[in-house]
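Just follow the structure's listing: the first ligand is 1, and inside any ligand the first atom is 1. Not measured: the values here are computed from a predicted model.
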Amino acid sequence: MNEPSSVPEQVDVVVVGAGFSGLYMLYRLRQLGLSVYVLDSAGDVGGTWYWNRYPGARCDVPTTDYAYSFDPELEKAWTWSEKYATQPEILDYLRFVADRYGLRSDIEFSATVTSARWDEQEKRWRITTGHGTEIRCRYYIMATGCLSLPKSPDIEGTDRFAGQVYFTSRWPHEGADLTGQRVAVIGTGSSGIQSIPLIARQASQLTVFQRTANFSIPAHNGPASADRLKQLGEDRDGYRHAARWSRGGIPMEPTDVLGVTASQAVRRERFEAAWELGELFGILNVFADQAVNPASNDILAEMIREKIRSIVKDPETAEMLSPKGHYFGTKRPCLDTGYFETYNMPHVRLVDLRKQPIVSITEDGIETAGQSFGFDAIVYATGFDAMTGPLVGANVAGRDGLSLKAKWEAGPSAYLGLMTAGFPNFFMLTGPGSPSVLSNMTVSIEQHVDWVARCLKDMREEGFETIEPTALAESGWNQHVQDCAAITLLPTADSWYMGANVPGKPRVFLPYIGGVDAYRQACDDVVEQGYLGFRMTGPGGDRCRDGIIRRMQPDVAMVLEFLAAMGLPPLDTLSPADARALMAATAATRPPGPEVGEVTDGVIPGPSGDLPYRLYRPAGPPEGPRPLVVYFHGGGWVLGNLDSDDPLCRDLCERSGAAVISVNYRHAPEARFPAAALDAFAAVQWADANAVELGGIPGQLAVAGWSAGANIATVTCQQARDARGPHICGQVLICPVVDSDMTRPSYQENGDGYILTTTLMRWFWDHYADPADRGHPRAAPLRGDLQGLPSTCIVAADFDPLRDEGVAYARALEAVGVPVRLTRARGHTHTSVTMVGTVISGAPVRAEIAEALRDFFPAAEPLEHGRSWAMPGRMKRPGAPERQNRTLRATGPRVVTAAVVASRYARQGAFHERDPGRNPPFVREK
Ligand code: NA7
């Protein structure tokens, strides 16, 4: 096999693993002229394809895409025989690659690494192998794969069984003849689903033990897709480029069809097409909102369940095989060949472990809570300790002896999924926090390898010897990874993506779901910004540009991107009338916000004419009066009306359980300072006086507002205090304008590009107040007397020019003894928290606002189940989808915006705002 003749004492790089990633890493490092030594415990190249030899093992990404793309000549030299290649063919391919590039001479097979230790003195890693040898290297690269460490079966009595035992992940090389045997298969993930039809052909009796029914669609294997072959034939480079810059690593146009709004006919058509196509990325792209909206997901899931029922003849078995309890795509879906049909065979039986769990493996079979079964062979298809298992199990000790296992005890922490602080020169290919298993692995592998190779080259050229991420950069990336996951349904499932399949493993979403393209861009940006977040050291000195590469919430970033692409004129270049018209057009096309119990419009007598109001009453019990929140819309005193903030008011009403009365006020420039503030105060006086008629509880009145609305809300509190009434229990100020000083750092940082710009703010001020008035406390309440103001909740958004004045107001209120709750809208802009139904990541902030509102009011009598009046929103509609998704009918920017944001996540599933009480942790039982 032309393996190395002797083990080197020292090399530039040690790579562990000779699968897809290890082989390409070796190839690239050699190109750089570095000395490399690869170790693999397997007897040959192949990685996961060396070990996973179970019958039916195939890739589930089409072979047109599941291959290296770094060398066009290699692509010409190899032709796949099928759309989805079998394990032997993939292994042949990797052998072919190893031979073609003469890679074996640097690979030692059957060699395990027993430990790796960073030597700070020498600035080298010391790698010890199972043969007792030690190799020193500058760089240590784990190319150990994401699904390479089989999970030890967490089943009682596994060692008792006297018959044959097989693991799909470690299938015997000589094969296993199960002809005429009574066989048990435990596990119905991809490995079980691929192998069961073939095992059924041999076994005299096959019993499948299923804990979780899985979603699977037919692979329709056969020749490679003619369409993909044509695209490749016409423009291979273009095709590969598109793959590299796609969401999942396969060229594909993400749909903008929302499941919740599409007609039955469109839903059916899209679903049937995906079913016929037989591709994972196809079924993950039926609806733009399937990964984020439970309602959309449910539509798709039900269509799959219908298919299962139509294939499986025995209704009871069909029901057992119909996945429930997790959203489609939240556990990795499978591609199968005749899986469900297998259960129509008379000798195949399904046991539902949810109904009768395994008590123990016995000497001659399996005992469940309901029955004893006798078997000749048991096949464990029970999965892997995914993503982190192979890394923490590798006995890696970084600086000061810190072990990776100890560092990752509460879950993995890695910058870009590539490196981890405290472990200099230690790289992970497709590590946790990178797209890896959510993508076409071959594309992600090439991207990682290329990045590492470039990094090592840059270091050499610039004279650096070590590289390591900073703690700040790493924690920032970890947060971004979780932020991306949090707006999807994926964290709701007990999946191996969440580490939930391994008892005791921390529950953390492991891969990066933001997309291969977004990830690639982040990695490129890091390099572009001088290896942002990495510390490099060398004889010539150190370099570290510390920082966080992605701080903005992913859905906020998408909305900004989308708005930028729309090319709307900046508001400050328009007349107030035109700006209002533009705002109204936008508002008319947004998601409408959640349902509330009742909405009524009316008018309040204002100081100089009627002021329109809209009253929102929450749905659900209890009947009777609620605390009342007087709300003032945003819009810089110039723009906005009852419609502009309608979704937000609905949301606040539904979440808090309070009645919300949104009041329109006179706008500038027609009515300048202090008209808006006077109207606001008059409205609050009126609401207080008419609390009973409005369905409010007398004495339980709060004010709230966003932006300029927050300005007049808090000015009202100051006026009410001075006038000795009405009594206001609390104020919620969302991204408030509290000062006219535009020199604070947040203006410097965020004054351009995040919708509310410095120029726009100046435009607002110019329309609202004369320069001489701008320091007046009724314009700049931060400059007023703050004593005796009511309890306050202030929301300050990271990317808001007004952030610092909001924070300053909080501090100033605290200083005079006002109870303040300062809520940081992490990763948000001035507007994004208010974008109900479009910016999913705003939901937790609004949940906090609702909690603050509830806290303002004295608790009433507890309701049933111990809930207070303040939580009726949490009691209703368990499992109900977000209303906005069911009512999105219009076309235009609203739908498009929603679809664009959702489609980023189409690979896994649309809109939902997942927070406790608003969405169930699993799909409703049908
Ligand atoms: P998976 O997808 O993790 O599937 C493992 C299966 O085994 C799954 O059905 C598990 O049920 C089941 N399992 C695991 N432990 C037990 C115990 N103790 N008792 C009963 N059943 C159990 O692994 P695969 O090898 O099939 O696929 C891994 C990936 O490889 C796949 O996604 C492709 O990307 C390739 P559970 O769902 O946890 O209830």
> What residue and heavy atom of the protein are closest to atom 18 (N) of ligand 1, and at what distance?
Replying inline: D154 OD1, 2.8 Å
> By number and element, which atoms of ligand 1 are closer than 4.0 Å to a non-hydrogen atom of L353?
Replying inline: 20 (C)
> atom 22 (C) of ligand 1: which of M441, R211, H326 has the nearest heavy atom?
Replying inline: R211
> Regarding N285 and T255, is there a side-chain donor-to-acceptor distance under 3.5 Å anywhere?
Replying inline: no
> Identify the closest protein heavy atom to atom 37 (O) of ligand 1: which residue and atom is it, and at what distance?
Replying inline: K331 NZ, 2.9 Å
> At a 4.0 Å threshold, what atoms of ligand 1 neighbour a non-hydrogen atom of I155?
Replying inline: 17 (C), 18 (N), 19 (N)
> Looking only at side chains, do S360 and R160 share a donor and an acceptor under 3.5 Å apart?
Replying inline: yes
> Nearest to atom 4 (O) of ligand 1, what protein heavy atom do you find, and at what distance?
Replying inline: G189 CA, 3.3 Å
> Given R58, Q194, K151, which has its nearest heavy atom closest to atom 14 (C) of ligand 1?
Replying inline: K151
> Do E89 and S81 have side-chain atoms, one donor and one acceptor, less than 3.5 Å apart?
Replying inline: yes
> Do T212 and R354 meet the criterion of a side-chain donor-acceptor pair at a distance under 3.5 Å?
Replying inline: yes
> Does I186 reach ligand 1, in the sense of a heavy atom lying below 4.0 Å from it?
Replying inline: yes
> Between Q181 and S204, do the side chains contain an N or O donor and an N or O acceptor separated by less than 3.5 Å?
Replying inline: no
> With a 4.0 Å heavy-atom cut-off (strictly under), which part of D494 contacts ligand 1: side chain, backbone, both or neither?
Replying inline: neither
> What is the closest protein heavy atom to atom 39 (O) of ligand 1, and at what distance does it sit?
Replying inline: T212 OG1, 2.4 Å
>> Can you confirm whether the side chains of H448 and Y519 place a donor and an acceptor under 3.5 Å from each other?
In response: yes
>> Which of the numbered atoms in ligand 1 are under 4.0 angstrom from any heavy atom belonging to R354?
In response: 39 (O)
> So, for T368 and V359, which heavy atoms are closest and what is the spacing to 0.1 Å?
Replying inline: C-CG2, 3.5 Å
> Side chain, backbone, both or neither: which part of T382 comes within less than 4.0 Å of ligand 1 when only heavy atoms are counted?
Replying inline: both
> Identify the closest protein heavy atom to atom 3 (O) of ligand 1: which residue and atom is it, and at what distance?
Replying inline: W496 CD1, 3.3 Å
> Among protein heavy atoms, which sits nearest to atom 32 (O) of ligand 1, and what does the distance come to when rounded to 0.1 Å?
Replying inline: R332 CD, 3.0 Å
>> Evaluate N501 for polar contact with ligand 1, using N/O atom pairs at a separation under 3.5 Å.
In response: no
>> Can you name the atoms of ligand 1, numbered from 1 with element, that are less than 4.0 Å from a heavy atom of G187?
In response: 6 (C), 7 (O), 9 (O), 12 (C)
> Does the separation of the ring centres of F70 and Y24 fall below 6.0 angstrom?
Replying inline: yes
>> With a heavy-atom distance limit of 4.0 Å, tell me whether L147 approaches ligand 1 through its side chain, its backbone, both, or neither.
In response: side chain
>> Does any N or O of ligand 1 fall below 3.5 Å from an N or O anywhere on A381, backbone included?
In response: yes
> Can you tell me the protein heavy atom closest to atom 9 (O) of ligand 1 and the distance?
Replying inline: T188 N, 2.9 Å
> Run the side chain to side chain contact (heavy atoms under 4.5 Å, CB included) check on F20 and V97 step by step: do they pass?
Replying inline: CA-CA 10 Å; F20 263 102; V97 171; over 6 Å; no
> Any side-chain donor-acceptor pair under 3.5 Å between Y54 and Q194?
Replying inline: yes
> Looking only at protein heavy atoms, which one is nearest to atom 23 (O) of ligand 1, and how far off is it?
Replying inline: G383 CA, 3.2 Å
>> Please report whether the ring centroid of W477 lies less than 6.0 Å from that of Y512.
In response: yes
> Relative to each other, are the rings of Y93 and W80 parallel, tilted or perpendicular (30° and 60° limits)?
Replying inline: tilted
